[in-house]
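Read the structure below first, then the notes.
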Protein chains: 2
Amino acid sequence: MTGSASSMQQPPSRRIAGDLRRRIESGELRSGDKLPSERALAEQYGAARNTAREAIRLLTEQGLVTAKHGKGVFVREPQKLFRLGSDRYSVRNRETGLTPFRLEAERQGKVARIEVPSITRERPPTDIAERLQVSPDEESVVHRENHYFADDEPVQIVSTYLRWNEVQGTLLMQSRTGKDGIYGRLEELGHTMTRVRDEISARMPTPAEATTLKLLPGVPVLEVLHTSFDQDGVPFEVSRYVHRADRTGLLYELPVEG
Amino acid sequence: MTGSASSMQQPPSRRIAGDLRRRIESGELRSGDKLPSERALAEQYGAARNTAREAIRLLTEQGLVTAKHGKGVFVREPQKLFRLGSDRYSVRNRETGLTPFRLEAERQGKVARIEVPSITRERPPTDIAERLQVSPDEESVVHRENHYFADDEPVQIVSTYLRWNEVQGTLLMQSRTGKDGIYGRLEELGHTMTRVRDEISARMPTPAEATTLKLLPGVPVLEVLHTSFDQDGVPFEVSRYVHRADRTGLLYELPVEG
DNA sequence: TAGTGGTCTAGACCACGGT
DNA sequence: CCGTGGTCTAGACCACTAC
């Protein structure tokens, strides 16, 4: 508290955080390196431990470092991204027998696993009802919840919504949907996917999502609201994808109409 | 500190945060409502002010509430989203004389403004160099930085990279690029946009981004790395878009190849 | 002036990880 | 066992807002 008025712009916690950020960005502290302990930082800067702790918190919020209880605070390692391309809906991919997720996991040398925690008849959320063109006031949809893992690490949560009156009594009410997955069954019901729409947004996870995705603080999620349209322009399937943003990149390639 | 061992699973700060989250989700506290003050919460729960403050911090991190210095803590209002469609690169839109950004701002009844803080020759970042197929070791690109505002609120930061040897001495080195913008000039240079690739990710903002975008804590950014390809498949323009995620939705519509 | 959040202090005890 | 982060206490002063 000795500086002149002009040198006192920043509170100590910001100053400590700024110093650490610079040390990380300059390469002095590299991925995986351990930061000085909170108590050591406090002593170095002549501050209380809570002040050093606040500095660490700022960096954590920015996704730069991650704390490990009992061990220390470490510079976060950049993660290889799952690259989910716009061709992930292509029929060609179905014919390989590998889903896009399995393909991508394989590319990274990881083992893909998919769980189906629930398949239930429900009243749809309003955003889903609008897009699937069903009533939001009745139990008009079937909700299939899927969890995707790579090497037992959860990477995405998917909620797929289908029309109850169409899928009632079919394999689409089972967790094992047979050859070519749900799109194979939907094709038998007369829906050939000819167009898709993806609406993309990003936000911080809910506590529930943070738990199931095992998200560290400072990691946002990517939410994709996906709608499939058939040959008649009818939306026949809507899915909400929640991806952990530290492991996911989306890729869209498209022609530009003259 | 009176609960039995079995009822003590959660620390007080989480308990307070959980109670508040439930009150918000149940509708008891609505968008724009003021939460109890930190001191009031501390008293209600028989805790120190720092503990109540920690609870508020958790909610802020989750993007649920936002603090206003001197006024209080308020439930965050959902923002209307800028919907940036995949047709934003279409030539048709250029012919209207309105850029997609201006169109979208108009749709929301807001005034669009675009600043060009800098146009400089530079050595490209490696991810840009790869995609534009230029050398990362020379000053091989021109970097045009743009800031987009809606009603004087900043909503996106765009860095466009072009080949120095192509645009040297052209209008593309000026802030006013003439009719149809940069794509008009690039077409005169023989590059007709026929295909685009967008690579999308989400992350927490850097402090610099948080400042220029005036981001509140708990708001991530959407980053889009955009590449334009011409009639010969040559990448002739690469841009990095940084959008504030609380105001931006991306929309992609695409046909599915049989 | 009173009330609010923003920051800081100087302690304390707990839970976790490794020796 | 010791060192680490996780949480809490009971104060304090500052900065901002509104009256």
Side-chain angles (χ1 to χ4, degrees), chain A residues 1-18 20 29 32-61 64-76 207 210 214 216-218, chain B residues 1-20 29 32-61 64-76 207 210-211 214 216-218:
Chain A
M1 295 317 184
T2 57
S4 69
S6 68
S7 69
M8 272 297 295
Q9 322 89 330
Q10 278 208 138
S13 57
R14 304 261 173 113
R15 182 162 168 264
I16 300 174
L20 289 171
L29 288 166
D33 283 1
K34 188 172 166 302
L35 267 56
S37 76
E38 295 173 351
R39 286 160 177 95
L41 282 171
E43 203 188 354
Q44 277 174 45
Y45 284 87
R49 183 186 156 205
N50 271 353
T51 302
R53 186 174 171 76
E54 169 73 5
I56 300 286
R57 198 187 60 71
L58 289 167
L59 297 176
T60 304
E61 231 171 44
L64 257 188
V65 304
T66 180
K68 300 187 181 171
H69 197 166
K71 298 176 77 172
V73 178
F74 300 83
V75 181
R76 187 178 286 177
K214 291 188 194 155
L216 301 171
Chain B
M1 294 313 196
T2 56
S4 69
S6 67
S7 69
M8 271 297 296
Q9 325 89 327
Q10 279 209 135
S13 57
R14 304 257 174 122
R15 180 161 169 265
I16 300 174
D19 284 359
L20 289 171
L29 288 166
D33 283 1
K34 188 172 166 302
L35 266 57
S37 75
E38 295 173 351
R39 287 161 178 92
L41 282 171
E43 202 187 356
Q44 278 174 43
Y45 284 88
R49 184 187 154 202
N50 271 352
T51 302
R53 187 174 171 74
E54 169 72 5
I56 301 285
R57 197 187 60 71
L58 290 167
L59 297 177
T60 304
E61 232 171 40
L64 255 189
V65 304
T66 180
K68 300 187 181 172
H69 195 165
K71 297 176 79 171
V73 177
F74 301 83
V75 181
R76 187 179 284 177
T211 303
K214 290 187 193 154
L216 301 171

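In the text below, chain A, chain B and the rest are named by the order of the sequence lines, each starting its count at 1.
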(message) Distance check needed: dG5(D) P versus Phe74(A) CZ, whole Å only.
(response) 8 Å
(message) Whole angstroms only, please: what is the CD1-P distance between Ile56(A) and dT4(D)?
(response) 12 Å
(request) Answer yes or no: does atom CD of Gln44(A) have more than 12 heavy-atom neighbours from other residues, nucleotides or ligands under 6.0 Å? (result) yes
(request) Using a strict cut-off of less than 4.0 Å between a Lys/Arg side-chain nitrogen and an Asp/Glu carboxylate oxygen, indicate whether Arg39(B) and Glu43(B) qualify as a salt bridge. (result) no
(request) Let me know the distance between NZ of Lys34(A) and P of dG18(C), rounded to the nearest Å. (result) 12 Å
(message) I'd like to check the side chain to side chain contact (heavy atoms under 4.5 Å, CB included) partners of Pro217(B); sequence neighbours left out, ordered by chain and number.
(response) Thr60(B)
(message) Going by side chain to side chain contact (heavy atoms under 4.5 Å, CB included), name the residues that satisfy it together with Thr211(B), two or more places apart in sequence or in a different chain.
(response) none
(request) State which of dT9(C), dT4(C), dG6(C) makes the closest approach to the side chain of Ala67(B). (result) dG6(C)
(request) Establish, with yes or no, whether the OP1 or OP2 oxygen of dT7(D) is under 4.0 angstrom from a side-chain nitrogen or oxygen of Thr51(B). (result) no
(request) Choose from dC8(D), dT9(C), dC8(C) the nucleotide whose nearest atom is closest to any side-chain atom of Glu54(B). (result) dC8(D)
(request) Measure the distance from CD on Glu43(A) to P on dA10(C) and round it to the nearest whole Å. (result) 13 Å
(request) Round to a whole Å and report the spacing from CD1 of Ile16(A) to P of dT7(C). (result) 13 Å
(request) For dT7(C), take OP1 and OP2 only and decide whether either is under 4.0 Å from a side-chain N or O of Ser13(A). (result) no
(message) Can you build the contact string for nucleotides 11-19 of chain D? Use B for base contact, S for sugar-phosphate-only contact, and - for no protein heavy atom under 4.0 Å.
(response) -B--BBSS-
(request) Go through the structure and list residues passing side chain to side chain contact (heavy atoms under 4.5 Å, CB included) with Ala67(B), not counting sequence neighbours. (result) Val73(B)
(request) For dG6(D), take OP1 and OP2 only and decide whether either is under 4.0 Å from a side-chain N or O of Arg57(A). (result) no
(request) Quick one: list whatever passes side-chain hydrogen bond (donor to acceptor under 3.5 Å, both in side chains) with Arg53(B), sequence neighbours left out. (result) Glu38(B)
(request) Return the set of residues passing side chain to side chain contact (heavy atoms under 4.5 Å, CB included) with Lys71(A) (not counting sequence neighbours), or none when no residue passes. (result) Lys68(A), Phe74(A)
(request) Would you mind reading off the distance between Leu58(B) atom CG and dG6(D) atom P, rounded to a whole angstrom? (result) 12 Å
(request) Starting at atom CD of Glu38(B), determine the distance to atom P of dA10(D), rounded to an integer number of angstrom. (result) 17 Å
(message) Using whole Å, what does the distance between atom P of nucleotide dT4(D) and atom CZ of Arg53(A) come to?
(response) 14 Å
